[in-house]
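Everything on this sheet refers to the single structure shown next.
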Amino acid sequence: MKKYDPIKIEEKWQKIWEENQEFKAKKSKKSDKPVQKMFLAEMFPYPSGAGLHVGHVRNFSIVDALTRFYTQQRLDVLRPFGYDTFGLPAENYAIKTGISPEVATKQNIDNFRKQAKRLGFAIDWSREINTSDPKYYKWTQWCFLKLFEKGLAYQKESYQWWCPVDQTVLANEQVENGHCWRCGTEVEKKKMKQWFFKITAYADELLSEIDSLDWPEKIKTAQKNWIGRSEGAEISFEIENDKNQFIKVFTTRPDTLFGATFLVLAPEHPMISKIMSEDCKEKVLDYCKTAIKKSEIERQENKEKTGVFTGAYAINPATGKKIPIWVSDYVLMGYGEGAIMAVPAHDERDFEFANKFDLPVIEVIEKPDDVTEKCYHGEGKLINSDRFNGVESTDAREGIVSWLEEMGIGKMKVTYKMRDWLISRQRYWGCPIPIAYDKDGNPHAIPEYQLPVIHPEVEDYKPDSTGRSALAKAKDWLKVTIDGEEMTRETDTLDGYACSSWYLWRYVSPDCETAAWDPEEIKYWAPTDIYCGGDHAVAHLLYIRFWCKFFADEGYLPFREPIKRLLYNGYINAPDGKKMSKSKGNVIDPLDVIDSGYGADTLRTYELFIGPYNEDAAWSTKAIGGVYRFLNRCFNLVFNPEKEADEKTNLVIRNKTAKKVTEDMHRAGFNTAVAALMEFVNELYKNGANREDLVILSKLLKPFAPHLASEMLEELKADDEWPTWDESALVADVVEVVVQVNGKLRAKLSVSIDDLADTDKLTSLALAEENVKKYLVNGEPKKVIIPPKAKLINVVI
RNA sequence: GCCCGAGUGGCGGAAUUGGUAUACGCGUUCGACUUAAAAUCGAAUGGUGAAAACCAUAUGGGUUCAAGUCCCAUCUCGGGCACCA
């Protein structure tokens with residue numbers, strides 16, 4: 001009796017794979033027909049000091065199962081691996097311990113690599129990349145310069161999110177509920193000069209191409225909402241007593257213009273200081289100062305409207321009447337024009353504001369009878385709107401805008417919620433921005449031949465007191481000569497998301513020294529066919545699309561969407577259903593699971609069997625034993641055979657399983673694929689097995705438990721090429737047909753496959769059943785329904 | 001508040017196109033092996049009921065010969081966005 005020893009088997013095969021460089025991507029050249037390529041990747045990990053966790057294992061196991069599936073189908077497969085290494089944890093660790101981030105990162109990578117190898121992943125290890133390696137970030141800097149050349153990387157002074165603990169600016173996407181995504185501190189607003197990428201230039205295309213992607217619906221809607229396109233109009237309001245001053249507003253409801261009874265400006269609006277009257281000046285300035293200082297969380301918590309009158313009036317161009325101009329923090333400077341026309345009768349926020357400050361409310365849309373709310377924001381016929389009375393609001397939008405257009409004070413406009421991507425960080429451990437400033441403070445690109453701008457070594461990694469990164473402490477490094485002119489380097493570094501916005505393309509030629517990616521290799525391998533991850537729904541997955549479109553425009557990429565199919569996997573939670581965390585002490589360490597004797601195959605198979613890949617799952621210490629038992633049974637069938645079956649015994653189940661597993665792999669139904677293999681094994685235990693049964697079992701098992709399957713295939717002296725199936729063998733000679741009476745199950749018939757199409761025969765067989773007969777009142781049914789292919793008879797009485 | 005998901009045994013889940021609800025696994029119970037235990041193998045396992053049968057896919061309605069699946073309303077949970085004019 002041989003015993004299944006996963007640790008021994010896994011060591012053996014991992015060594016063989018390493019020596020043979022088994023997973024090195026190959027470009028086959030078959031003259032007769034082109035070989036399909038398949039580029040798969042997981043979202044590369046941030047290598048933390050804690051090592052791999054079970055979430056990584058799930059993510060990598062999904063990609064691995066598919067990698068092996070396509071490899072077994074003899075496609076040209078590229079499955080690389082890399083590390084996203086710039087970031088705050090390494091820098092904070094350096095500040096605390098004095099150990100340089102390079103050193104700590106290298107250790108963590110070595111550990112991650114070692115652990116990943118113990119899981120037996122089919123990775124092309126010759127293509128490993130690391131974003132903090134100068135050979136890599138040289139090209140991140142090159143990407144920045146391309147964007148800079150085209151004006152898509154620019155500097156702007158503006159109010160920005162600032163984390164007082166991490167001492168850095170944060171992007172909108174890095175602020176969660178008013179708190180820093182890294183340390184959880186409440187963020188502040190700070191006025192600073194910052195670098196931005198002009199992602200808004202691609203807003204339209206980023207939105208319109210979402211629907212063509214084979215991505216989960218929830219990611220697509222999240223991106224659509226984030227981009228937040230709305231169509232409306234820009235309208236200029238003349239200031240009373242000053243015909244040359246206008247305030248522009250954005251509105252999606254120009255049809256309600258006659259009901260605009262006041263204007264509201266954001267506290268940051270530049271016109272405020274120009275228009276406010278002397279007697280209101282003090283109150284207005286005071287309000288603006290407090291509002292700007294208020295954190296977003298304070299603005300949200302206190303939803304009651306606040307505001308102050310400027311003392312100035314504007315003219316409603318539709319009515320010619322003068323309307324007061326107010327300031328309130330419910331109007332945001334970053335959206336539209338930072339100013340609105342308030343229509344309190346048809347907008348709840350304006351209504352609240354008007355109520356509080358006792359401002360006039362004029363209804364201009366007819367309310368349906370069944371609407372009782374005071375503030376109606378639906379559609380209807382216009383009223384109180386002079387020549388537009390009676391016009392449907394949906395038509396009036398266009399009518400009023402063209403009328404304004406004739407007067408030269410309005411036009412159609414599309415606005416987006418999405419803002420430009422803030423990319424500068426006042427941190428040491430990031431990719432240095434390849435910019436230097438001349439004596440007058442003008443930014444200049446570091447010329448390409450001077451790249452990479454290498455990280456200087458520093459003694460102390462803390463940002464300085466002015467908020468500049470530790471790079472400012474490297475005095476010699478700061479000085480640079482460009483075209484004979486002495487300049488000072490930028491001390492900000494790039495947001496880590498910049499590094500991950502092009503890494504998929506680096507994978508095709510990771511050692512290329514003449515370009516970020518080799519055009520020939522890109523043409524062959526990219527775009528990525530399958531990409532798998534469980535995070536970054538809007539940030540990373542939007543940025544990489546943006547860069548793809550940009551580099552396509554510049555002629556560097558022959559495609560406009562970087563990821564064809566996205567698999568978005570769920571989290572693995574602790575057995576109690578809660579998030580795993582060190583502080584709760586409920587963390588399951590995958591290496592412990594392997595070492596406890598289960599082995600990597602059991603761990604991987606279990607994580608794919610635990611539930612649908614795209615849903616969260618709770619770890620079960622007991623259930624993993626079931627998977628281990630299953631693999632033991634697979635092992636026993638090959639190494640401790642008991643019964644030999646003849647050629648026909650398992651013909652149906654064998655073909656059925658091959659079909660089922662193949663189809664499940666295509667639709668990423670890993671849990672049901674494993675279940676089908678379990679059924680197959682149960683059947684083989686009952687019936688006995690022949691070599692053909694076992695070869696097919698081993699081949700189908702390989703994507704999940706590659707070590708054991710390899711061991712089985714070796715014993716069976718078979719290769720691992722993915723099996724096909726014989727469709728004609730799927731059907732048994734005799735099938736079960738169900739008989740229902742009024743949709744309720746009453747009897748089961750055994751019917752020869754040849755009789756299945758004979759409805760007369762089926763009907764008489766069904767009606768002859770005792771348990772059917774007794775329901776028939778006159779011995780005759782009303783109707784008998786035999787749906788094609790359903791193996792079901794419904795007798796209607 | 002708005003926009004997406006989801007709700008099925010004691011538990012994780014299956015049912016892919018409207019056609020046998022509960023596959024597969026865990027747990028539980030019984031049996032075999034064993035001095036015994038573990039491991040392993042086999043059997044049973046939605047609920048009520050002696051049985052016939054009835055009731056069960058969050059709740060209430062509807063469409064259909066037939067509904068977990070489609071339609072309408074409601075509730076609950078998860079996620080995203082959140083004063084975006």
Side-chain angles (χ1 to χ4, degrees), chain A residues 1 177 216-226 228-230 232 249-253 256 264 266 296 299-300 303-305 328-332 334-343 346-350 352-353 377 415-419 537-538 570 577 606 609-612 614-627 629-630 632-633 636 642 660 663-664 666-667 669 671-682 685-686 736-748 771 774 781-797:
Chain A
M1 184 84 183
N177 273 326
E217 220 38 57
K218 73 171 182 185
I219 306 299
K220 295 208 257 183
T221 34
Q223 293 209 351
K224 281 184 201 171
N225 291 342
W226 187 263
R229 179 191 150 101
S230 43
V249 306
F250 174 73
T251 177
T252 52
R253 296 293 302 267
T256 61
V264 189
E296 201 70 3
R299 284 202 195 183
Q300 273 167 21
K303 284 233 167 152
E304 203 185 328
K305 299 280 178 288
S328 174
D329 65 2
Y330 84 91
V331 176
L332 309 172
Y335 183 75
E337 301 294 331
I340 61 153
M341 64 176 214
V343 185
H346 306 290
D347 181 286
E348 276 176 53
R349 295 150 303 183
D350 300 344
E352 244 182 83
F353 195 82
H377 50 257
T415 300
Y416 300 90
K417 282 189 206 172
M418 183 170 65
R419 318 285 155 88
V538 281
Y606 170 65
F609 179 63
I610 195 167
N614 54 340
E615 278 170 33
D616 289 355
W619 185 270
S620 161
T621 314
K622 286 243 173 88
I624 190 172
V627 172
R629 267 192 286 280
F630 159 66
N632 260 290
R633 284 155 77 88
N636 287 336
E642 282 189 1
K660 168 83 177 148
E663 287 175 355
D664 280 352
H666 280 297
R667 62 171 192 93
N671 55 330
T672 48
V674 174
L677 289 171
M678 286 172 168
E679 275 182 82
F680 188 26
V681 165
N682 291 346
Y685 249 64
K686 230 181 281 170
E736 189 180 71
V737 173
V738 209
V739 185
Q740 299 178 332
V741 176
N742 280 354
K744 284 213 160 118
L745 178 66
R746 295 302 175 190
K748 287 179 180 179
N771 206 30
K774 71 183 199 194
K782 251 195 223 159
K783 224 198 297 189
V784 176
I785 288 169
I786 304 178
K789 286 207 282 185
K791 288 183 214 159
L792 174 141
I793 303 167
N794 192 10
V795 179
V796 186
I797 53 162

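Residue numbers begin at 1 in each chain, while the letters A, B, ... track the order of the sequences.
One P atom belongs to A32(B), the other to G25(B), and the distance between them is 23 Å to the nearest Å. Spacing between G5(B) and G19(B) at atom C1', rounded to whole Å, works out to 27 Å. The same atom, C1', is picked in U28(B) and in A15(B); the two are 25 Å apart, to the nearest Å. Comparing the P positions of A21(B) and C26(B) gives a spacing of 25 Å, expressed to the nearest Å. A82(B) and C3(B) have their P atoms separated by 16 Å, given to the nearest Å. Taking atom C1' on both G7(B) and U74(B), the two are 14 Å apart, rounded to the nearest angstrom. Across the C1' atoms, U59(B) and U76(B) are found 10 Å apart, a figure rounded to whole Å. Taking the P atoms as reference points, G79(B) lies 36 Å from U29(B), given to the whole Å.
By the ring-ring contact (aromatic ring centres under 6.0 Å, His included) test, Phe630(A) pairs with no residue at all, sequence neighbours left out. Residues meeting the side chain to side chain contact (heavy atoms under 4.5 Å, CB included) test with Ala747(A), sequence neighbours left out: Val739(A), Glu769(A), Val772(A). When the side chain to side chain contact (heavy atoms under 4.5 Å, CB included) test is applied to Lys218(A), the partners found at least two apart in sequence or on another chain are Tyr568(A). The salt bridge (charged side-chain N to carboxylate O under 4.0 Å, His left out) check on Lys744(A) picks up nothing, with sequence neighbours excluded. Remark: Phe353(A) engages Phe262(A), Trp326(A), Tyr330(A), Phe357(A) in a ring-ring contact (aromatic ring centres under 6.0 Å, His included) (not counting sequence neighbours). Residues satisfying the side chain to side chain contact (heavy atoms under 4.5 Å, CB included) criterion with Lys622(A), sequence neighbours excluded, are Ser620(A). Residues meeting the side chain to side chain contact (heavy atoms under 4.5 Å, CB included) test with Arg629(A), sequence neighbours left out: none.
Closest approach to the Asp347(A) side chain among G27(B), A85(B), C83(B) is made by A85(B) (side chain taken as heavy atoms from C-beta onward). Counting only heavy atoms from C-beta on, Pro787(A) has its side chain closest to G19(B) among G5(B), U20(B), G19(B). Taking only side-chain atoms of Thr251(A), from C-beta outward, the nucleotide of C26(B), A85(B), C3(B) with the closest atom is A85(B). Considering only side-chain atoms of Ala222(A), the nucleotide from G80(B), C26(B), G5(B) that sits closest is G80(B). Counting only heavy atoms from C-beta on, Trp226(A) has its side chain closest to C81(B) among C26(B), C81(B), C24(B).
The closest donor-acceptor contact from the side chain of Asn794(A) to the backbone of Ile785(A) lies at 3.5 Å or more, if one exists at all. Under the 3.5 Å distance criterion, the side-chain polar atoms of Asn671(A) are left unmatched by any main-chain donor or acceptor of Phe609(A). With Gln223(A) contributing its side chain and Ala537(A) its backbone, the two residues share a donor-acceptor pair below 3.5 Å.
Put simply, NZ on Lys305(A) is 10 Å from P on C83(B), counting in whole angstrom units. Rounded to whole Å, the distance from CE on Met418(A) to C1' on A82(B) is 18 Å. The interatomic distance linking Met1(A) (CE) with C33(B) (C1') rounds to 13 Å, in whole Å. As a whole-Å value, the separation of Glu679(A) CD from A15(B) P is 12 Å. Atoms NZ (Lys218(A)) and P (G5(B)) sit 11 Å apart, rounded to a whole Å. Counting to the nearest Å, the C1' atom of U17(B) and the CG atom of Leu792(A) are 15 Å from each other. The separation between Asn225(A) atom CG and C4(B) atom C1' is 8 Å, rounded to whole Å. When the C1' atom of G19(B) is taken as reference, atom CD1 of Ile786(A) falls 13 Å away, rounded to whole Å.
For the pair Tyr335(A) and A85(B), the criterion of a side-chain N or O lying under 4.0 Å from OP1 or OP2 is met. Side-chain nitrogen and oxygen atoms of Ser230(A) include at least one within less than 4.0 Å of the OP1 or OP2 phosphate oxygen of A85(B).
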Quick test: give all pairs of protein nitrogen or oxygen and nucleotides 61-69 of chain B nitrogen or oxygen below 3.5 Å, distance rounded to 0.1 Å.
residue	atom	partner	partner atom	Å
C65(B)	O2'	Asn794(A)	ND2	3.3
C65(B)	O2	Asn794(A)	ND2	2.7

Is there any protein nitrogen or oxygen under 3.5 Å from a nitrogen or oxygen in nucleotides 11-14 of chain B, and what are the pairs?
residue	atom	partner	partner atom	Å
G12(B)	O2'	Ile610(A)	O	2.9
A14(B)	OP1	Asn671(A)	ND2	3.0

Could you list, one pair per line, each protein nitrogen or oxygen that sits under 3.5 Å from a nitrogen or oxygen of nucleotides 52-54 of chain B, together with the distance?
residue	atom	partner	partner atom	Å
A53(B)	OP1	Lys774(A)	NZ	3.4
C54(B)	OP2	Arg746(A)	NH1	3.3

- request: Treat primed atoms plus P, OP1 and OP2 as sugar-phosphate and everything else as base, then score nucleotides 38-45 of chain B 5' to 3': B for base contact with protein heavy atoms under 4.0 Å, S for sugar-phosphate contact only, - for none.
  value: --SSS---
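Against the 90° criterion about 0, the sugar-base torsion of G10(B) places it in the anti range.
The residue Lys417(A) sits close to a base: some heavy atom pair falls under 4.0 Å. Using a 4.0 Å heavy-atom cutoff across all strands shown, Ala675(A) reaches at least one base atom of the nucleic acid. Within the nucleic acid shown, Glu736(A) comes within 4.0 Å of at least one base atom, counting heavy atoms only. Within the nucleic acid shown, Thr252(A) comes within 4.0 Å of sugar-phosphate atoms alone, with no base atom in reach, counting heavy atoms only.
The side-chain heavy atoms of Asn636(A) and Met1(A), taken from C-beta on, include a pair separated by under 4.5 Å. Counting heavy atoms from C-beta on, the side chains of Tyr685(A) and Glu642(A) never come closer than 4.5 Å. Between Tyr606(A) and Val674(A) the shortest side-chain heavy-atom distance does not fall below 4.5 Å. With contacts defined as side-chain heavy-atom distances shorter than 4.5 Å, the pair Asn614(A)/Pro216(A) does not qualify. At a threshold of 4.5 Å between non-hydrogen side-chain atoms, the residues Val738(A) and Ile793(A) do not count as touching.
When all heavy atoms of Ile340(A) and Val249(A) are compared, the closest pair comes out as C-CG1, 3.6 Å.
When each of Thr221(A) and Arg253(A) is assigned the nucleotide of RNA chain B bearing its nearest heavy atom, the one mapping closer to the 5' terminus is Thr221(A).
Atom NE2 of His377(A) is separated from atom OG1 of Thr256(A) by 13.0 Å, given to the nearest 0.5 angstrom. Separating the CG atom in Asp347(A) from the CZ atom in Arg253(A) is a distance of 9.5 Å, to the nearest 0.5 Å. Within the model, atoms CE of Met678(A) and CZ of Arg633(A) stand 9.5 Å from one another, a figure rounded to the nearest 0.5 Å.
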query: Would you write out the dot-bracket form of RNA chain B, 5' to 3', with Watson-Crick and G-U pairs under 3.5 Å, [ ] for crossing pairs, | for pairs to other strands and . for unpaired bases?
result: (((((((..(((......[....)))((((((.......))))))(((....)))..(((((..]....))))))))))))....
